[in-house]
Amino acid sequence: MKKPARRDGTPDRNNKKQRPTRSEAGGRTRSEAGGRPDRAEAGHRSGRPDAAKGKPGRPDPAAKNKRGKPKSAKPQRAQAQAQAPKISNAKPARHQYADADRPVGPPQGDGMRLQKVLAQAGVASRRAAEELISQGRVEVDGRIVIEQGLRIDPENAVVRVDGVRVVVQKDLVHLALNKPRGWQSTMSDDLGRPCVGDIVSERVAAGQRLFHVGRLDADTEGLLLLTNDGDLAHRLMHPSFEVSKTYLATVSGALERGVGKKLKEGVELEDGPAKVDTFTLLDINEGKSLVRVTLHEGRKHIVRRLFDAVGHPVIRLVRTDIGAVALGDQRPGTLRVLGRGEVGGLYGAVGL
């Protein structure tokens with residue numbers, strides 16, 4: 001006999017012979033009767049869900065969909081695919097395995113921010129210093145810096161702006177002195193004569209260790225540099241760097257045209273030949289001549305000895321320039337702090 005069918009032609013699977021219940025079996029379960037344990041009882045004992053709820057992949061007889069029909073079981077293959085791990089063939093990102101602890105941006109570390117160093121050095125305000133950095137006009141230890149926030153060590157870093165070195169060490173001092181005539185180019189004098197040390201005595205007492213760069217004899221007046229920058233002072237005094245020095249000399253007699261040419265070609269002195277780099281005749285008045293000469297020689301009394309050799313002894317001698325530093329209208333016996341451009345010019349002249 002055929003099984004009854006539904007209206008859609010499918011067999012009625014729910015019309016199955018019901019198994020005897022516990023009451024029908026005489027109040028005993030199958031396990032008690034020595035048979036197979038009931039599913040609900042076995043599931044309850046093992047801690048698994050009740051068998052009435054159905055196994056995975058089998059429909060729950062009591063569960064119905066929105067239309068009132070029993071829910072159909074989902075195929076096992078769909079569940080297996082859902083549980084399988086997903087594999088992606090996408091190309092990994094460039095920085096996928098980058099170290100998370102690696103610092104991003106300019107190196108930080110110890111030190112002071114570059115824009116703050118420039119501001120303290122008097123180059124510009126912090127905001128303007130940031131503009132200089134972004135424009136690529138700042139150089140640190142030979143490398144152009146364009147990133148913001150770089151920290152440097154002001155004691156050791158070499159900083160340049162537009163190619164000119166900037167002094168960033170707070171304790172460095174660079175002074176220009178207009179040494180009066182008759183003063184000694186020493187920090188102290190055993191004979192009690194006036195000396196350079198008397199002019200800077202207050203600074204020395206405050207703890208600044210200053211020394212003069214080179215010398216001017218007592219009868220020569222004009223520009224004398226004072227600093228505590230040992231490297232700069234050493235190179236300025238060394239003849240191999242040939243830092244130019246300019247003098248105004250008042251000499252006796254009216255100079256002839258050939259004197260300047262002779263001084264530029266070179267004059268033989270007792271310790272070897274010497275010459276001037278430039279020679280300019282400024283004035284002749286009352287038997288005296290005012291000339292301006294520039295030379296890089298650093299020998300003792302070199303200017304006086306040169307004019308003595310050509311027959312025109314020096315009456316008055318004033319040094320007006322040392323490299324990029326000019327005396328200007330500075331009064332005798334006064335001090336002034338060198339500007340950033342002047343200090344940078346001195347560093348550039350000696351290769352620092």
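When a residue number appears, it is its place in the shown sequence, counting from 1.
Residue R209 qualifies as open at atom CZ: its count of foreign heavy atoms under 6.0 Å is 12 or below. Applying the 6.0 Å contact sphere to CZ of R316 captures no more than 12 heavy atoms from other residues, nucleotides or ligands. Counting heavy atoms of neighbouring residues, nucleotides and ligands inside a 6.0 Å radius, atom CD of E270 exceeds 12 of them.
At a cut-off of 3.5 Å, with distance as the only test, no side-chain donor of Q115 or R113 sits close to an acceptor on the other residue. For the residue pair T294 / T246, a side-chain donor-acceptor distance below 3.5 Å is found, with atom types taken as modelled. One side chain, T220 or D217, offers a donor N or O that lies under 3.5 Å from an acceptor on the other.
A heavy-atom distance below 4.5 Å is not found between the side chains of V251 and I315. Contact of the F279 side chain with the V291 side chain is registered, since non-hydrogen atoms from C-beta on lie closer than 4.5 Å.
The side chain to side chain contact (heavy atoms under 4.5 Å, CB included) with L232 is formed by just one residue from the set L172, V213, L346; it is L346. Of the listed residues (D229, L225, T227), just one forms a side chain to side chain contact (heavy atoms under 4.5 Å, CB included) with L236, and that residue is L225.
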### Task
Might you work through the salt bridge (Lys or Arg N to Asp or Glu O under 4.0 Å) test for D321 and K245, ending with a clear yes or no?
CA-CA 6 Å; D321 299 81; K245 304 174 184 65; over 6 Å; no

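Below 30°, between 30° and 60°, or above 60°: for H174 and Y347 the angle between ring planes is above 60°, a perpendicular geometry.
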